[in-house]
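Written below as structure tokens is the structure these notes are about.
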Amino acid sequence: MSLAQTHQGPDYSHLDPIFGKLSWESLPFHEPILVVTFAAVAFGGLAVFALLTYFKLWGYLWNEWLISIDHKKIGIMYMVLGLIMFVRGFADALMMRGHQALAASGAEGFLPPHHYDQIFTAHGVIMIFFVAMPFVTGLMNFVMPLQIGARDVAFPFLNNFSFWMTVSGAVLVMLSLFVGEFSTAGWLAYPPFSGLDASPSVGVDYYIWALQLAGIGTTLSGINLIVTIVKMRAPGMNYMKMPVFTWTALCTNILIVVTFPILTATLALLTMDRYVGTHFFTSELGGSPMMYVNLIWIWGHPEVYILILPIFGVFSEVVATFCGKRLFGYTSMVYATAVIMILSYLVWLHHFFTMGAGADVNSFFGITTMVISIPTGAKLFNWLFTMYKGRIRYEPPMLWTVGFMLTFVIGGMTGVMLAVPPADYVLHNSLFLIAHFHNVIIGGVVFGVFAAIGYWFPKAFGFKLDAFWGKVSFWCWFVGFYLAFMPLYVLGLMGVTRRLSQFEDAAYSAYFVAALIGAVLIAAGIAAFFMQLYVSIKNREQLKDTTGDPWGGRTLEWSTSSPPPYYNFAFTPRVHEVDAWWHMKKVGYKRPTDGYEPIHMPHYTSTGIILAGILTVMGFGLIWHIWWLVVATFIVAIAYGIGHTFNYNRDYYVPADEVAEIEGKRTAQLAQES
């Protein structure tokens, strides 16, 4: 028998024609932890359903939020999605740390090995794709159109559809907790672990289709936001007068549009290996697992900068505002952002220095990795020079910024260490790498997201967040982070590899217990954040922002009311300086009180959520090999999408009288304040 005859591809003859791979055994009744989790989620879901029904909020939610094409509401919904998934992802982290602390102390831990593997995979996937990505996309959606003086994004319906496609992927990930299982192959699903031989269950299929559906939404969102920035800036706002956050959003979305199709193609090839029996990523019949590693990191390393670049923009806005100064080195900030965007494509191979590429290749990628630290360092010096002799106000957003500077520098230095191939040979795949990665993601992205929430929350909802609970949250996070991850650097230097669930050496115990205490402190920081939300909503009258500019902001979003009207600006502003709103205040700008005209706006539409819902069901069918469901939902989705193209009732004009009434209330409020 020839080699080709022994690899005929997957055998589907045993599949149920109605339910595919789905059976009663797919439900989690055999694991106590999952049964308890299922009961808690079911009870919580029923409680939320009952509350929404009791307060008759279903109609409000549907009409004002779920079918909204308002970029501000979509941005807020992205942030809510990120928070929900953050709680799930952090619960996984807490279980891992608790299990490792027990296992290193002589016990076996409380997670079965197979369950532990699912948890560390789900933690990575959720935190990158369904926490960090929704957070940064939500911030760009909410802030950027306001900063450039636009009334919405270029393609409002596409914006709604992009969001619901991201939700679609998140739904599939959450569903894997209770129907079937999730992948055990790690957050990047390297072959052969993600191949059919090593992972015959549906776990990797959940991974593939969740990421494919969410990736469609991310790519479409990237195209949308690029077009918005390029084509919809206010008159006078040339590229070198754009706010730094808008610049970082532009570079981020260029990265998204160029890199996410690579992820889509890579996962499509992996899908063919699993579903059809091809051999793109096997070690036989012409395939190569190393091709997968190259492709996934050509997407994966720019992805790190997709997450951090908008956060650099956040810190630039926060530092300038809370220091009462123009950002130092605006031009160098812009060029540094563009250089980081370009160099992020030239460093991917440092993720596999140990895999035999050769000294010349390793040297090139080691040098490029070190070079990319230069524009990042330039940004840090610009923020520090902005703070120099500034009137610094240590409000919570500024605390997060200072905490970021300290923490991110450690992450950067350890990254340069790992850029040295001989050092990487020692530290590769160890807990040192995990500590470095979290230094960058938590110390950069998460700290930046909390700074952004505190900074722009009054713009979104019309009242500030409570400062006391904000500071409690910051200090719990800051101290908890160092307790949780500094011991991992030591363990990595001691040779402890990642993904281990059992340990023989009792010397590791103290470090893992310290890491667990740090994780508990971070949990307290998360709890303090939710307490901050509760207290702020309760005391919203005392924390109310009636000026629209509670911090003394410098960019155009602070020229509108808080929250802004649905059309953003009654008149499109004209820009003369980089800090447009600061300049308008400086020259004594007066709001116009007459001459309003009808404003052209798009209609809300339910097509986005319905179409994404159909595609979610199709994804479920693909995961479980329920082919009739896949065909039916595909046909319905195509037909529904075509039907939407015949909907010509897509826009309307806001009457000038309505604009005058809204703006008149704002004028009266400002007059009362003054």
Side-chain angles (χ1 to χ4, degrees), residues 57-83 134-167 217 220-225 227-229 231-234 245-246 249 253 452-453 456-463 545 548 556-573 598-612 644 647 649-655 658-659 661-663 665-666:
L57 292 174
W58 288 110
Y60 168 76
L61 274 178
W62 178 263
N63 294 317
E64 294 297 325
W65 288 89
L66 304 185
I67 66 171
S68 172
I69 49 78
D70 184 340
H71 72 95
K72 299 180 291 298
K73 290 184 176 179
I74 291 172
I76 292 168
M77 289 194 292
Y78 267 116
M79 300 298 286
V80 171
L81 172 66
L83 282 173
F135 275 151
V136 299
T137 308
L139 288 174
M140 292 187 294
N141 255 287
F142 182 88
V143 177
M144 181 273 292
L146 288 167
Q147 282 198 336
I148 65 172
R151 291 207 168 99
D152 210 309
V153 294
F155 309 111
F157 160 71
L158 197 64
N159 203 21
N160 176 279
F161 179 63
S162 299
F163 167 71
W164 287 112
M165 288 302 288
T166 305
V167 173
L220 294 176
S221 178
I223 295 168
N224 200 350
L225 297 180
V227 175
T228 303
I229 295 170
K231 301 295 290 184
M232 297 180 68
R233 301 189 307 279
F245 180 82
T246 301
N253 286 291
I453 291 173
W456 279 298
F457 190 92
K459 178 53 58 181
F461 296 102
F463 57 94
D545 166 35
L556 281 176
E557 74 269 29
W558 302 109
S559 67
T560 65
S561 60
S562 296
Y566 55 92
Y567 50 77
N568 288 352
F569 301 94
F571 296 99
T572 301
I599 296 175
H600 181 242
M601 293 293 290
H603 271 307
Y604 285 10
T605 175
S606 61
T607 301
I609 185 172
I610 293 173
L611 199 53
H644 176 69
N647 173 22
N649 184 27
R650 294 174 181 239
D651 49 10
Y652 69 103
Y653 281 89
V654 182
E658 184 176 338
V659 177
E661 182 182 354
I662 293 170
E663 295 298 315
K665 290 179 181 176
R666 162 98 165 128

Trace of the side-chain hydrogen bond (donor to acceptor under 3.5 Å, both in side chains) decision for His603 with Asn647:
CA-CA 11 Å; His603 271 307; Asn647 173 22; over 6 Å; no
How far does [atom1] of [X] sit from [atom2] of [Y], to the nearest 0.5 angstrom?
{"X": "Ile74", "Y": "Ser162", "atom1": "CD1", "atom2": "OG", "result": "8.5 Å"}
{"X": "Ile223", "Y": "Thr228", "atom1": "CD1", "atom2": "OG1", "result": "11.5 Å"}
{"X": "Leu556", "Y": "Thr246", "atom1": "CG", "atom2": "OG1", "result": "9.0 Å"}
{"X": "Phe245", "Y": "Ile148", "atom1": "CZ", "atom2": "CD1", "result": "11.5 Å"}
{"X": "Ile69", "Y": "Phe155", "atom1": "CD1", "atom2": "CZ", "result": "14.0 Å"}
{"X": "Leu225", "Y": "Asn253", "atom1": "CG", "atom2": "CG", "result": "4.5 Å"}

Can a donor-acceptor pair be found, under 3.5 Å and without considering hydrogens, that links the side chain of [X] to the backbone of [Y]?
{"X": "Trp164", "Y": "Leu66", "result": "yes"}
{"X": "Asn224", "Y": "Leu220", "result": "no"}
{"X": "Arg151", "Y": "Phe569", "result": "yes"}
{"X": "Asn568", "Y": "Leu146", "result": "no"}

Heavy-atom check, side chain of [X] versus side chain of [Y], under 4.5 Å:
{"X": "Val153", "Y": "Ser221", "value": "no"}
{"X": "Lys72", "Y": "Pro563", "value": "no"}
{"X": "Trp456", "Y": "Met79", "value": "no"}
{"X": "Met601", "Y": "Pro156", "value": "no"}
{"X": "Thr166", "Y": "Thr137", "value": "no"}
{"X": "Phe135", "Y": "Leu83", "value": "yes"}
{"X": "Arg650", "Y": "His644", "value": "yes"}

[X] and [Y]: which non-hydrogen atoms are nearest, and at how many Å?
{"X": "Ala234", "Y": "Gly149", "result": "CB-CA, 4.3 Å"}
{"X": "Tyr652", "Y": "Pro602", "result": "CE2-O, 3.5 Å"}
{"X": "Val659", "Y": "Ala570", "result": "CG1-CB, 3.9 Å"}
{"X": "Val227", "Y": "Ala154", "result": "CG1-CB, 3.6 Å"}
{"X": "Ala460", "Y": "Ile76", "result": "CB-CD1, 4.1 Å"}

Aromatic ring pairing Phe157/Phe161, orientation class (parallel under 30°, perpendicular over 60°, tilted between):
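Judged by the thresholds at 30° and 60°, the geometry between Phe157 and Phe161 is parallel.
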OH/Tyr653: more than 12 non-hydrogen atoms of other groups inside 6.0 Å:
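Not buried by this count: 12 neighbours or fewer within 6.0 Å.
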Taking side-chain hydrogen bond (donor to acceptor under 3.5 Å, both in side chains) as the definition, give me every residue that meets it alongside Asn160, ordered by chain and number, with sequence neighbours left out.
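Applying side-chain hydrogen bond (donor to acceptor under 3.5 Å, both in side chains) to Asn160 gives none.
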Test side-chain hydrogen bond (donor to acceptor under 3.5 Å, both in side chains) applied to Ser562 - qualifying residues, sequence neighbours left out:
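side-chain hydrogen bond (donor to acceptor under 3.5 Å, both in side chains) list for Ser562, sorted by chain: Lys459, Asp545.
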Between Glu658, Arg666, Lys665, which is the residue that forms a side chain to side chain contact (heavy atoms under 4.5 Å, CB included) with Ile662?
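Exactly one option meets the side chain to side chain contact (heavy atoms under 4.5 Å, CB included) with Ile662, and it is Glu658.
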Do His71 and Asn159 pair up side chain to side chain, a donor and an acceptor below 3.5 Å, judged on atom types alone?
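Asn159 and His71 do not have a side-chain donor-acceptor pair below 3.5 Å.
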